[in-house]
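Notes for the one structure printed next.
The sequence lines fix the lettering, A, B, ..., with proteins before strands; numbering per chain opens at 1.
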Amino acid sequence: MELSTKYSPEEIEDKWYGEWLKHKCFSSTPDEREAYSVVIPPPNVTGLLHMGHMLNNTIQDVLIRKARQEGKNACWVPGTDHASIATEAKVVKMLREKGIKKSDLTREKFLEYAWEWKEEYGGIILKQLQKLGASCDWDRTAFTMDEVRSDAVNKVFVDLYNKGKLYRKKRIVNWDPEALTVLSNEEVIYGHENSRLYKVKYQIEGTNDFITIATTRPETIPGDTAIAVNPNDPRYAKMKGKKAIVPIIGRVVPIIFDDYVDVEFGTGALKVTPAHDTNDFDIGERHNLEVVDVFNDNGTMSEAAGVYVGEDRFIVRKKFAKDLDAAGYLMDTEDYQNNVGRSERTNAVVEPRLSLQWYVDMKSIAAPALEAVMSDEVEFFPKNQKNVYRHWMENIRDWCISRQLWWGHRIPAYYIGEDVFVAETAEEALNLAKVKTGNNNLTISDLRQDEDVLDTWFSSWLWPISVFDGFNSREELDYYYPTSVLVTGWDIIFLWVARMVMAGYEWEGKRPFDHVYFTGMVRDKQRRKMSKSLGNSPDALGLISEYGADGVRFGMLLSSPAGGDLLFDDKLVEQGRNFSNKIWNALRLVKSWELIDQPMSELDALSVEWINNRLNQVAAELEDNFKEYKLSEGLMSIYNFVWGDFCSWYLEMIKPDYQAPIGSEILKETVSIFTKITALLHPFMPFLTEEVFQQLEDRKQGEFCMFSAYPKGDHFDQKLIDMVTMGQDIVTNVRDIRNKNGLKMRDELELTIIASSNSKAFMNTSGMKEFCTKMAILSSFELADKEGQSQIGFITGAESLFVKLEIEIDVEAELEEKQKDLVYQQGFVKSIQGKLSNDKFVSGAPAAVVDNERKKLEDGLERIKLLIQDIERLENMK
RNA sequence: GGGAGAUUAGCUCAGUUGGUUCAGAGCACCUGCCUUACAAGCAGGGGGUCACUGGUUCGAGUCCAGUAUUUCCCACCA
């Protein structure tokens with residue numbers, strides 16, 4: 001069959017993915033082999049494949065495929081996250097577009113819609129991952145809200161409660177007025193925003209004096225229940241025991257003294273609104289202040305505000321400020337930049353709000369998780385994330401886990417009046433209630449289940465355990481847990497990674513994973529984050545169909561050094577596609593030859609030995625790279641090896657003359673090395689390598705590149721490699737001479753290299769003469785006296801070689817180049833001589849270093865000698 | 001306010017314990033080629049005071065201090 005000159009990935013990718021699935025190549029069950037397990041960071045059910053996923057999952061696939069080739073029992077567990085708030089927001093929006101309001105629906109009806117939505121969109125991203133080549137064990141696909149995972153959530157909630165590590169408390173929380181739910185601290189994103197600082201004066205009761213405060217939020221003034229000043233501030237000492245009148249509202253509030261107030265800031269006087277600020281709330285507690293909540297849950301003014309009831313807080317801010325101004329209370333306003341917290345999901349400005357919520361006592365479970373990371377029991381790549389982790393863990397705050405949503409795990413807490421019963425099922429809760437109350441006539445309908453659901457991360461943090469049904473059975477967990485590596489972005493180090501480590505120690509007494517590899521964020525060339533509004537996020541699937549999955553994988557990996565941000569550029573993906581094509585054409589070449597029964601030549605033998613040694617060398621480098629998760633460096637060394645060593649040198653070395661057949665033996669060796677290359681490259685570019693692997697030889701049914709043993713970095717002969725490098729240097733020099741003198745590669749020219757007499761070892765290497773002759777297209781290459789007729793000389797290592805050409809050369813240009821080189825070499829030698837004549841160096845530096853310098857000096861002097869000879873020779877030619 | 005990192009070629013980045021295996025890679029660039037696998041290609045080439053200043057050392061891209069620029073994280077003062 002004739003192969004096209006261009007590699008066309010489309011059919012090949014679908015074909016092999018289908019074959020792999022058909023042969024259950026990705027599936028894993030516990031056996032006697034070593035396990036290598038990875039759990040996918042479950043993408044949101046509403047998600048579509050984007051660049052971050054592509055990077056993340058390509059890396060996981062590379063690691064999994066390599067482990068599989070190494071003979072490990074590789075298990076990559078896929079799944080999706082119900083993404084409570086994000087999904088609920090999308091469903092609400094979808095319903096709204098249909099003209100249905102969430103508030104008009106029952107909980108049950110809403111959940112019906114949500115499940116429908118999940119069924120429709122929930123699996124899309126997994127299908128898209130298959131396009132990328134992800135070798136997940138699809139039979140294991142899990143969902144954070146399926147039965148097994150929900151069961152785990154309930155068990156854990158009950159367990160924590162029974163251990164006293166769970167509590168319910170009323171305090172100031174982060175309220176999302178759009179999603180109408182509380183958020184954890186980690187779900188609030190702070191950013192600097194421009195606002196205004198208003199200075200407002202409050203009359204002192206019974207006097208004509210005023211006290212001026214500064215605030216960015218005049219709309220909260222109706223909720224003021226005190227004015228606070230610092231007890232050490234002399235300006236306000238006389239205010240002791242006085243009261244102030246809240247402007248417009250008319251409420252009389254005490255002037256209190258509290259250390260919290262910063263004397264330097266604003267006017268040194270602070271209005272206190274306990275319902276709408278964490279610090280104010282604390283002050284309120286200390287001074288027994290009244291709490292007046294002036295907002296409704298959706299951010300509009302409440303009845304308690306008494307003004308602008310039902311209007312939005314930001315509109316009221318302006319209106320109320322205007323009123324203050326009109327009434328003469330607004331002293332001044334100035335531009336001000338402050339840090340505003342917004343909801344991660346809805347982008348609404350978060351409102352501090354007093355409310356009753358469930359919390360996990362984090363301090364009680366954090367210690368082993370901190371220790372594990374600091375001692376590298378859980379090892380972070382790159383390491384510097386350890387500091388970030390430590391800082392968060394050492395200052396950890398309790399985790400607010402209840403959410404006022406419907407889509408999620410409903411909290412397994414049941415109430416009778418003020419009593420709470422926490423149990424996995426209503427029946428169990430009922431039993432608890434009967435025992436507690438002694439009332440055996442209670443029925444399920446007397447119980448009122450908590451209306452709230454749990455934070456979506458409350459199921460995710462159990463993921464490495466729950467995907468193996470670990471809260472129910474030991475069988476799989478004992479084999480696959482701890483998982484080998486977690487690959488995720490550093491942006492969810494607190495939301496997810498840290499909590500998984502805590503859960504791992506809390507319920508398994510063991511780390512959830514050996515390693516964590518943090519990927520960077522995908523950005524565009526200008527380092528901007530990928531975002532829909534900027535329109536700088538490429539269409540992931542579009543890229544795959546344009547460049548092939550392997551091309552995209554190559555591009556992603558190459559641009560992504562371990563842990564650094566990925567600056568996405570189409571160019572790199574194009575490079576990946578070109579690389580695919582390069583390999584494809586190497587295949588075409590190898591398949592195009594006619595066979596002839598013929599032993600290997602000396603050059604063939606040298607070529608094979610050299611390329612095998614180089615491959616071992618590359619494999620060794622790769623092993624080091626993998627140990628540190630430097631995938632981009634590893635891929636780059638394969639790229640250079642395949643393109644440079646294999647294609648540009650090896651294939652040219654063994655290539656028969658035009659239309660001549662190739663020896664069976666050398667072809668066999670060539671197919672063997674090419675096969676090893678497909679194995680080496682397979683984790684990075686699985687489709688192409690599988691196709692090439694299958695094309696190279698007839699394979700048995702069910703024999704796949706994806707199961708080829710991964711080449712080990714065995715020992716390699718550095719001397720041989722160096723020798724060939726020297727030959728390459730000669731060839732390159734000759735080619736350069738041709739180029740500079742306007743000679744084409746194919747020009748039939750009498751070209752002779754005459755090597756100096758000190759090149760014996762090199763010249764005596766079997767096949768080396770043929771190598772140089774063939775690759776540099778020389779008519780002869782001999783060992784002879786260099787004096788005489790040669791025209792151009794060059795030096796490689798401490799060897800000097802001369803090329804005899806039958807053309808005129810630019811003697812002046814040659815001379816100039818040599819003289820420049822001479823100056824450099826002389827400077828070099830001088831610096832070494834300086835070192836060696838320095839007693840402190842000779843006595844202070846290690847012997848090996850000194851010896852090395854002596855050797856360098858020797859070589860340098862030899863080169864200078866040769867250069868001077870060459871310069872003289874050129875001078876004579878003038 | 002607290003903390004962590006970064007600064008090496010036009011761009012993106014390597015550079016492990018201080019010593020030409022140290023000044024590298026890929027891309028970009030320049031020159032010449034439709035050479036019988038590949039123009040998504042082939043051959044060759046140029047390019048950097050390693051941010052700045054000082055220090056330690058026989059020797060500093062590498063260690064220390066300071067300066068500048070910059071990225072990020074945490075906290076949050078109204």
Practice task
Map A/L572 and A/L587 onto RNA chain B by nearest heavy atom, then report which one ends up closer to the 5' terminus.
Solution key: A/L572
Handout entry: Between B/C27 (P) and A/M636 (CE): distance, integer Å
Key = 7 Å
Practice task
Between B/C72, B/G44, B/A37, spot the one nearest the side chain of A/N585, thanks.
Solution key: B/A37
Exercise for the section: Report the nucleotide, chosen from B/A78, B/A14, B/G41, that has the shortest atom-to-atom distance to any side-chain atom of A/K630. Expected result: B/A14
Practice task
Could you state the atom-to-atom distance from CG of A/D736 to C1' of B/C30 in whole Å?
Solution key: 14 Å
Handout entry: Proximity of A/F380 and A/Y389 rings by center, below 6.0 Å
Key = yes
Problem - Within the 6.0 Å centroid threshold, strictly below: A/F554 and A/Y547 - result: no
Exercise for the section: Quick one: look up who B/U36 pairs with, Watson-Crick or G-U, both distances under 3.5 Å, and put none if it's unpaired. Expected result: none
Practice task
Measure distances between side-chain N and O atoms of A/N339 and base N and O atoms of B/C76, and say whether any donor-acceptor pair falls under 3.5 Å.
Solution key: yes
Exercise for the section: Can you label the angle between the A/Y639 ring and the A/F579 ring as parallel, tilted or perpendicular, going by 30° and 60°? Expected result: perpendicular
Exercise for the section: Looking only at side-chain atoms of A/R735, point me to the closest of B/C73, B/G44, B/A78. Expected result: B/G44
Practice task
Under a 3.5 Å limit for both distances, which nucleotide forms a Watson-Crick or G-U wobble pair with B/U67, could you say?
Solution key: B/A51
Practice task
Report yes if the distance between the aromatic ring centroids of A/W490 and A/F518 is under 6.0 Å, otherwise no.
Solution key: no
Problem - Candidates B/G19, B/A78, B/C73 - which lies nearest the side chain of A/F841 - result: B/G19
Exercise for the section: Let me know the distance between CZ of A/R317 and C1' of B/A78, rounded to the nearest Å. Expected result: 12 Å
Exercise for the section: Look at the side chain of A/Q385 and the base of B/A4, then say whether one donor and one acceptor between them are separated by less than 3.5 Å. Expected result: no
Exercise for the section: Rounded to the nearest angstrom, tell me the gap between atom NZ in A/K6 and atom C1' in B/A37. Expected result: 11 Å
Problem - Quiz item: A/R577 side-chain donor-acceptor pair to B/A40 base, under 3.5 Å - result: yes
Handout entry: Plane angle bin for A/F684 and A/F626 - parallel if under 30°, tilted between 30 and 60°, otherwise perpendicular
Key = tilted
Fill in the blank from the handout: Re B/C77: Watson-Crick or G-U wobble partner, both distances kept under 3.5 Å, found to be none
Practice task
Confirm from the modelled atom types if A/K582 and B/C38 form a donor-acceptor pair under 3.5 Å, side chain to base only.
Solution key: yes
Practice task
Could you let me know what B/G59 is paired to, Watson-Crick or G-U wobble, both distances under 3.5 Å, or none if it's on its own?
Solution key: none
Handout entry: Rounded distance [0.5 Å steps], OG in A/S559 versus CG in A/D565
Key = 11.0 Å
Exercise for the section: Using a strict cut-off of less than 4.0 Å between a Lys/Arg side-chain nitrogen and an Asp/Glu carboxylate oxygen, indicate whether A/K271 and A/D280 qualify as a salt bridge. Expected result: no
Completion exercise
Hits for side chain to side chain contact (heavy atoms under 4.5 Å, CB included) against A/E344, two or more places apart or cross-chain, chain-then-number order -> A/E187, A/I189, A/L495
Problem - Proximal nucleotide (of B/U36, B/A37, B/C74) relative to the A/Y658 side chain - result: B/U36
Completion exercise
In whole angstroms, the gap separating P of B/C73 from CZ of A/F494 amounts to 9 Å
Handout entry: Note: A/K719-A/D722 ion pair, threshold 4.0 Å (strictly below)
Key = no
Handout entry: Euclidean distance, atom CD1 of residue A/I832 to atom P of B/C58 [Å, nearest integer]
Key = 20 Å
Completion exercise
For B/C72, the nucleotide meeting Watson-Crick or G-U wobble distances (both under 3.5 Å) is B/G3
Exercise for the section: Report the residue (A/R527 or A/R397) whose heavy-atom-nearest nucleotide on RNA chain B is the more 5′ of the two. Expected result: A/R527
Fill in the blank from the handout: Whole-Å distance, A/N578 CG to B/C42 P, equals 10 Å
Problem - Residues from residues 269-284 of chain A lying under 4.0 Å of RNA chain B - heavy atoms - result: A/L270, A/D277, A/N279
Problem - Distance in angstrom units between A/R217 CZ and B/C76 P, rounded - result: 15 Å
Fill in the blank from the handout: Across every strand shown, the nucleotide meeting Watson-Crick or G-U wobble geometry with B/U31 (both distances under 3.5 Å) is B/A43
